[in-house]
Novice: 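Just passing along the structure, written as structure tokens.
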2 protein chains.
Amino acid sequence: MDSIGFAPHDHSSCIQDGIAAVDAQCRAEGLQFTPVRRRVLEILLQEHRALGAYEILDRLREEGLGSQPPVAYRALDFLVKNGFAHKIERLNAFIACTHPGESHAPAFLICRACDAVAEAQREPTQGQLGQAARDAGFVIERAVIEAEGLCPKCQHKSAA
Amino acid sequence: MDSIGFAPHDHSSCIQDGIAAVDAQCRAEGLQFTPVRRRVLEILLQEHRALGAYEILDRLREEGLGSQPPVAYRALDFLVKNGFAHKIERLNAFIACTHPGESHAPAFLICRACDAVAEAQREPTQGQLGQAARDAGFVIERAVIEAEGLCPKCQHKSAA
DNA sequence: CGCCCCATGTAATTTTATAACATCACGCGG
DNA sequence: CCGCGTGATGTTATAAAATTACATGGGGCG
Ligand SMILES: [Zn+2]
Ligand SMILES: [Zn+2]
Ligand SMILES: [Zn+2]
Ligand SMILES: [Zn+2]
């Protein structure tokens with residue numbers, strides 16, 4: 001289970017690679033990667049933090065790409081449904097996927113101080129949750145795994 | 001990691017025992033288990049499913065116990081803060097705790113067909129999530145673990 | 001062209017949650 | 001008993017998040 005997002009990195013390639021990967025996958029699957037959808041993904045990719053739908057909508061509005069809530073929600077629905085973005089339930093907010101195209105059982109580490117969010121990959125059926133489900137005879141179709149706490153950077157700050 | 005909620009059981013004792021346990025803990029810790037708070041907990045205990053704040057508010061209103069949103073939200077805040085109830089982020093709804101008083105790192109199994117919710121206890125620092133956090137240098141303070149799927153009963157129904 | 005399918009534009013509304021301020025009850029020191 | 005602080009409630013208003021419903025537009029295809 002690896003995780004990115006707290007470490008320094010070439011962030012412009014996050015954006016370029018993210019768009020490129022999604023663009024490729026859309027072509028492959030016959031999905032329409034329209035201007036609004038592309039722009040919303042770009043906006044999300046610019047941050048390693050979660051943005052609220054209305055925060056995204058504000059940016060779209062500034063650019064003349066749409067001004068009513070459904071515009072943002074529809075683009076986000078598309079991205080989430082196809083695994084290009086994720087909703088962080090705890091925050092009512094959305095984040096670009098850092099592993100687009102891959103299989104997908106994400107978990108999130110959310111820093112309460114700087115709002116950074118890292119995405120980690122899990123093995124769905126393994127671990128405590130999978131075991132608890134088997135014990136209960138429950139079949140998991142989808143799981144929300146969101147941890148809140150302090151990222152390495154903010155731990156050092158608060159220790160000072 | 002055990003879980004209750006999907007199995008048949010003496011449900012009236014769920015309610016009585018739940019109230020009694022919380023009542024005892026409030027006495028012990030000097031917390032005020034007021035009528036509204038007690039009634040909200042009773043309402044939650046009557047179901048092994050999550051209720052929205054406004055759903056609870058409706059019942060309070062019928063009983064003349066309060067009619068504005070803050071009444072319900074304040075009672076729920078109290079219950080959640082003290083570990084007597086939990087918020088299910090995925091549903092924007094609340095559920096009574098089935099292990100009041102105990103240490104508390106809950107995970108939830110939510111049936112999408114019948115809305116039943118089971119609460120399981122986890123070991124916070126163990127498992128995949130704990131490992132991912134350690135790898136990333138992240139310190140978890142709180143985790144939201146919510147699995148969605150089919151409970152045993154509803155699997156049989158849908159198989160038919 | 002006429003049609004379907006999908007994406008988009010827009011208005012209105014619903015659902016969820018909080019802010020702000022007034023009031024009340026209880027306990028405690030003076 | 002009074003005055004005061006603290007915490008719970010009552011009430012109004014508003015904010016924030018999400019959806020419903022209906023109108024419009026553009027591309028592919030027979
Ligand atoms: Zn980056
Ligand atoms: Zn941080
Ligand atoms: Zn029960
Ligand atoms: Zn079920």
Side-chain angles (χ1 to χ4, degrees), chain A residues 22-23 26-27 29-44 49-82 84-95 110 115 144 146, chain B residues 22-23 26-27 29-44 49-82 84-95 110 115 144 146:
Chain A
V22 169
D23 196 52
C26 284
R27 279 175 211 286
E29 298 182 19
L31 300 169
Q32 297 183 239
F33 196 35
T34 63
V36 195
R37 292 169 177 179
R38 172 185 296 262
R39 189 69 194 111
V40 169
L41 181 59
E42 281 170 5
I43 290 168
L44 289 175
R49 71 181 184 94
L51 296 176
Y54 281 75
E55 212 169 340
I56 291 165
L57 182 57
D58 285 344
R59 305 206 194 178
L60 291 179
R61 214 182 321 245
E62 288 167 12
E63 303 171 15
L65 263 175
S67 58
Q68 268 63 41
V71 172
Y73 280 103
R74 285 195 286 233
L76 288 166
D77 280 352
F78 170 85
L79 295 172
V80 168
K81 194 179 312 179
N82 295 105
F84 305 143
H86 303 290
K87 178 169 186 185
I88 307 292
E89 298 288 347
R90 172 80 179 119
L91 304 177
N92 294 323
F94 300 83
I95 189 160
I110 307 165
D115 288 328
V144 172
E146 298 171 356
Chain B
V22 169
D23 196 51
C26 284
R27 279 175 211 286
E29 298 182 18
L31 300 169
Q32 297 184 238
F33 196 36
T34 64
V36 196
R37 292 169 177 179
R38 173 185 294 261
R39 190 66 194 113
V40 169
L41 181 60
E42 281 170 3
I43 290 168
L44 290 175
R49 70 180 184 96
L51 295 177
Y54 282 76
E55 211 169 340
I56 290 165
L57 182 57
D58 285 344
R59 304 208 193 176
L60 292 179
R61 214 182 322 243
E62 287 166 15
E63 302 170 16
L65 262 176
S67 58
Q68 269 61 41
V71 173
Y73 279 102
R74 285 195 286 232
L76 288 166
D77 280 351
F78 170 85
L79 295 172
V80 168
K81 193 180 310 178
N82 296 105
F84 305 144
H86 303 291
K87 179 169 187 185
I88 307 292
E89 298 288 347
R90 172 81 179 117
L91 304 176
N92 293 322
F94 301 83
I95 190 160
I110 308 165
D115 289 329
V144 172
E146 299 171 356

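Heavy atoms only: backbone and side chains are in, while hydrogens, waters and symmetry mates are out. Order of the sequence lines fixes the chain letters, A, B, ..., with proteins taken first and strands second; residue numbering starts at 1 for each chain.
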Novice: Is there a side-chain contact between B/Phe94 and B/Leu51 in this structure, where contact means two heavy atoms from C-beta onward sitting under 4.5 Å apart?
Specialist: no
Novice: Without decimals, in angstroms, what is the distance between B/Tyr73 OH and D/dA16 C1'?
Specialist: 11 Å
Novice: Looking at A/Lys87, I'd like to know whether one of its side-chain N or O atoms comes within less than 4.0 Å of OP1 or OP2 on D/dA17.
Specialist: no
Novice: For B/Ala85 and B/Leu44, which heavy atoms make the closest approach, and how far apart are they?
Specialist: CB-CD1, 4.0 Å
Novice: Is any side-chain heavy atom of B/Ile88 closer than 4.5 Å to one of B/Ile95?
Specialist: yes
Novice: Which residues pass the side-chain hydrogen bond (donor to acceptor under 3.5 Å, both in side chains) test with A/Glu29, sequence neighbours left out?
Specialist: A/Gln25
Novice: Roughly, in whole Å, what's the span from CG in B/Leu91 to C1' in C/dT15?
Specialist: 14 Å
Novice: Flag the pair B/Leu91 / B/Asp115 as yes when at least one side-chain heavy-atom distance between them is below 4.5 Å, and no otherwise.
Specialist: no
Novice: For nucleotides 4-7 of chain D, list the nitrogen or oxygen atoms of the protein found under 3.5 Å from its nitrogen or oxygen atoms, one pair per line.
Specialist:
| from | atom 1 | to | atom 2 | distance (Å) |
| --- | --- | --- | --- | --- |
| D/dG7 | O3' | B/Gln32 | OE1 | 3.3 |

Novice: Looking only at heavy atoms, which two atoms of B/Leu41 and B/Leu79 are closest? And how far apart?
Specialist: N-CD1, 4.0 Å
Novice: Which protein N or O atoms sit under 3.5 Å from an N or O of nucleotides 19-23 of chain C?
Specialist:
none

Novice: Listing request: all salt bridge (charged side-chain N to carboxylate O under 4.0 Å, His left out) pairs with a residue in residues 63-72 of chain B, at least two apart in sequence or in separate chains.
Specialist: B/Arg39-B/Glu63
Novice: State, with a plain yes or no, whether a side-chain heavy atom of B/Val71 is found less than 4.5 Å away from one of B/Val40.
Specialist: no
Novice: Between B/Ser67 and A/Gly52, which has a closest nucleotide on DNA chain D that is more 5'?
Specialist: B/Ser67
Novice: Please find the pair of heavy atoms, one from B/Gly52 and one from B/Ala93, that lie closest to each other, and give the distance.
Specialist: N-CB, 3.9 Å
Novice: Taking the nucleotide of DNA chain D with the nearest heavy atom to each, does B/Leu31 or B/Pro69 sit closer to the 5' end?
Specialist: B/Leu31
Novice: Which protein N or O atoms sit under 3.5 Å from an N or O of nucleotides 26-30 of chain D?
Specialist:
none

Novice: What is the distance from CG of A/Leu51 to P of D/dA18, rounded to the nearest Å?
Specialist: 13 Å
Novice: For B/Gln68, check side chain to side chain contact (heavy atoms under 4.5 Å, CB included) against everything at least two apart and list the hits.
Specialist: B/Pro70
Novice: Should B/Ser67 and B/Leu60 count as side-chain neighbours, where that means a heavy-atom distance under 4.5 Å?
Specialist: no
Novice: I need the CG-C1' distance between A/Leu65 and C/dA7, as an integer number of Å.
Specialist: 13 Å
Novice: Take the protein atom CZ of A/Phe94 and the nucleotide atom C1' of D/dA18, then report the distance between them rounded to whole Å.
Specialist: 9 Å
Novice: Check B/Arg59 with B/Glu42, please: is the shortest side-chain N to carboxylate O separation under 4.0 Å?
Specialist: no
Novice: Less than 4.0 angstrom between a side-chain N/O of B/Asn92 and OP1 or OP2 of C/dT15, yes or no?
Specialist: no
Novice: Enter the inter-axis angle for the ends of the helix from C/dC1-D/dG30 to C/dG30-D/dC1 (five pairs per end, rounded to 10°).
Specialist: 0°
Novice: Can you tell me how far P of D/dA17 sits from CG of A/Leu76, to the nearest Å?
Specialist: 13 Å
Novice: Going by number, which of residues 54-64 of chain A have a non-hydrogen atom under 4.0 Å from DNA chain C?
Specialist: none
Novice: Once salt bridge (charged side-chain N to carboxylate O under 4.0 Å, His left out) is applied, do any residues pair with A/Asp58, and if so which ones, sequence neighbours excluded?
Specialist: A/Arg61
Novice: Answer yes when B/Arg90 and A/Glu89 have at least one side-chain N-carboxylate O distance shorter than 4.0 Å, and no when they do not.
Specialist: yes
Novice: Can you check the B/Arg90 CZ to C/dT16 C1' distance for me, whole Å?
Specialist: 16 Å
Novice: Taking salt bridge (charged side-chain N to carboxylate O under 4.0 Å, His left out) as the test, write out the residues that go with A/Arg74, two or more places apart.
Specialist: none
Novice: Tabulate below the donor-acceptor pairs under 3.5 Å that side-chain atoms of residues 31-38 of chain A make, not counting sequence neighbours, or state none.
Specialist:
| from | atom 1 | to | atom 2 | distance (Å) |
| --- | --- | --- | --- | --- |
| A/Arg37 | NH1 | A/Gln32 | O | 2.8 |
| A/Arg38 | NH2 | A/Asp23 | OD1 | 3.0 |

Novice: Looking only at heavy atoms, what is the nearest atom pair of A/Ala72 and A/Ala53, with distance?
Specialist: CB-O, 3.8 Å
Novice: Starting from P on C/dT15, measure out to CD on B/Gln68 and report it in whole angstrom.
Specialist: 17 Å
